[in-house]
Number of protein chains: 2
Amino acid sequence: MLIVRELSLGPRRFTDLRGGLPGIATNLLAERLRSLEGAGVLERHEVSRPLPGVLYRLTERGEALKPILRDLARWGAPLMLQGQGDDAFDGRWLVFLAELLYSDMSTEGVAPLVMAVSNGAETISILVERDSVRIEPAEEPTADVRIEADPSTLFAILSGQLTPEQAEASGTAVIKGNTRARKRLATLAARVGLIPAPS
Amino acid sequence: MLIVRELSLGPRRFTDLRGGLPGIATNLLAERLRSLEGAGVLERHEVSRPLPGVLYRLTERGEALKPILRDLARWGAPLMLQGQGDDAFDGRWLVFLAELLYSDMSTEGVAPLVMAVSNGAETISILVERDSVRIEPAEEPTADVRIEADPSTLFAILSGQLTPEQAEASGTAVIKGNTRARKRLATLAARVGLIPAPS
DNA sequence: CTGCATCCGCTTCGATACTG
DNA sequence: CAGTATCGAAGCGGATGCAG
């Protein structure tokens with residue numbers, strides 16, 4: 001599952017996968033890749049640029065796991081509030097997190113809004129339009145709101161567990177944007193319907 | 001996940017769970033149950049009837065995993081065609097299998113139909129009605145078609161990988177029902193859209 | 001540098017015996 | 001029925017080596 005999660009962000013090299021799976025033994029990764037290839041979940045693809053090597057990518061059957069992983073992530077997302085422990089957070093997951101929370105949300109009654117969200121290293125944009133929400137893996141210069149915080153605070157704000165004001169007051173987040181834009185953010189965040197985890 | 005799968009069919013006792021998880025060590029099961037209770041996935045419930053003991057049941061958060069498990073099962077279902085190896089098949093999973101294949105299928109253009117499906121030990125009924133498909137965990141005496149076969153053949157027939165005639169010819173299935181009913185079965189089975197697994 | 005294979009210490013597991 | 005205790009076997013994380 002972790003390998004599929006990595007590949008769900010796009011084709012990756014052996015070394016990229018290693019980097020995304022801290023602690024995995026190289027023989028185990030190699031064996032799992034063979035096994036997943038045999039099961040028709042991923043394909044090997046030899047490439048010569050930028051460096052000679054092998055690209056691993058999901059097959060159609062592997063792609064079919066993506067919505068399931070997203071639902072599993074959505075189920076587990078409330079646990080992010082309990083802090084990360086020694087879990088790692090890859091900046092590229094910001095897109096995944098935003099899609100998880102907003103991708104099939106209704107925008108009924110909410111005015112368009114552009115949000116820039118950053119964990120310090122990477123920045124993404126959430127574009128709330130008339131009848132859909134789009135996620136972009138880059139910073140929109142026209143953003144109405146800008147939020148910068150650690151992953152678990154970002155999650156707390158985006159999922160409505162923490163208001164922008166509370167997050168700013170606790171000093172864990174820096175937020176820029178006028179009152180109207182913040183209000184629209186709060187309205188959207190309140191629509192994220194997750195079942196909270198205990199304690 | 002396997003424990004949640006077991007509990008997704010209803011509350012179970014320690015011994016029931018053991019029976020549904022062949023090979024699990026009792027200490028491991030006990031530890032997992034404590035862990036899952038702590039994580040808010042299941043609850044312990046002491047009962048005195050029919051025998052004094054403990055019932056385990058999913059919490060609301062645990063119930064939220066059921067559709068995810070169903071989607072995972074749907075993803076993995078094509079692998080049933082490759083035979084079971086030493087995998088076990090619990091007769092109670094027939095309901096799960098039928099729901100997985102038919103529960104949110106459109107019945108447009110298909111006349112009502114009652115099917116009785118049996119693996120020899122348990123029998124369930126699939127009731128195709130005007131605008132929905134219902135699964136019953138019992139045999140309907142009014143069934144238009146009766147199918148009896150081993151789990152992987154049942155799956156092959158119900159998912160349209162094998163026609164009723166092919167299955168009968170190979171001697172792995174016994175099917176009773178007139179031509180019209182068989183034809184409706186084939187039409188429904190063809191609507192199950194699973195991505196086939198390789199070889 | 002990429003993509004592995006090999007080896008080792010440790011954790012975890014399956015199996016079984018036993019208890020309130 | 002609902003677990004706890006114990007033990008050998010298997011699998012894993014981590015370090016290291018090495019061919020293309």
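These numbers come from a predicted model, not from an experiment. Just so it is clear: chains get the letters A, B, ... in the order the sequence lines come, proteins before strands, and each one is counted from 1.
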Salt bridge check: are [X] and [Y] linked by an N-O gap of less than 4.0 Å?
X	Y	answer
Lys66(A)	Glu99(A)	no
Glu136(B)	Arg134(B)	yes
Asp16(B)	Arg92(B)	no

Flag yes if [X] and [Y] sit in one hydrophobic cluster, no otherwise; membership is Ile, Leu, Val, Met, Phe, Trp, Tyr, and two members link when side-chain heavy atoms are under 4.5 Å apart.
X	Y	answer
Val114(A)	Ile124(A)	no
Leu2(A)	Phe96(A)	no
Ile175(B)	Met115(B)	yes

Side chains of [X] and [Y] in contact at under 4.5 Å (non-hydrogen atoms):
X	Y	value
Thr123(B)	Leu94(B)	no
Asp71(B)	Pro67(A)	no
Ile68(A)	Leu65(A)	yes
Ile126(B)	Leu101(B)	no

Polar atoms only, N or O, under 3.5 Å: list the protein pairs with nucleotides 18-20 of chain D and their distances.
none

query = Which pairs count as salt bridge (Lys or Arg N to Asp or Glu O under 4.0 Å) when at least one residue sits in residues 32-46 of chain A, sequence neighbours excluded?
reply = none
key: Spatial distance of atom CG (Leu185(A)) from atom CZ (Arg180(A)) [nearest 0.5 Å]   =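 These two atoms lie 14.5 Å from each other.
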key: Whole-Å distance separating the CG atom of Leu17(B) from the P atom of dC1(D)   = 13 Å
ask   = Within this structure, what is the CZ-to-P distance between Phe14(B) and dA2(D), rounded to whole angstrom?
value = 8 Å
key: Net bend of the helix from dC1(C)-dG20(D) to dG20(C)-dC1(D), end axes of five pairs each, nearest 10 degrees   =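 Between the first-five-pair axis and the last-five-pair axis there is 40°.
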query = Got a sec? Which of residues 29-36 of chain B come in under 4.0 Å of DNA chain D, heavy atoms?
reply = Ala30(B), Arg34(B)
query = Among residues 4-13 of chain B, which residues get a heavy atom nearer than 4.0 Å to DNA chain D?
reply =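 Output list: Arg13(B).
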inquiry  = Can you see if the side chain of Tyr56(A) gets near the phosphate of dC4(C) - specifically, an N or O under 4.0 Å from OP1 or OP2?
reply    = yes
Sugar-phosphate or base contact per nucleotide [nucleotides 14-20 of chain C; S, B, -; heavy atom under 4.0 Å] = BBBB---
task = Can you establish whether the number of heavy atoms outside Arg70(B) located under 6.0 Å from its atom CZ is more than 12?
result =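 Counting other residues, nucleotides and ligands, CZ of Arg70(B) exceeds 12 neighbours.
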inquiry  = Using the rule side chain to side chain contact (heavy atoms under 4.5 Å, CB included), only one of Val41(A), Thr59(A), Leu58(A) pairs with Leu36(A); which is it?
reply    = Val41(A)
task = Of all the heavy-atom pairs spanning Tyr102(B) and Leu158(B), show the shortest one and how long it is.
result =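 Closest pair (atom of Tyr102(B), atom of Leu158(B), distance): OH-O, 2.6 Å.
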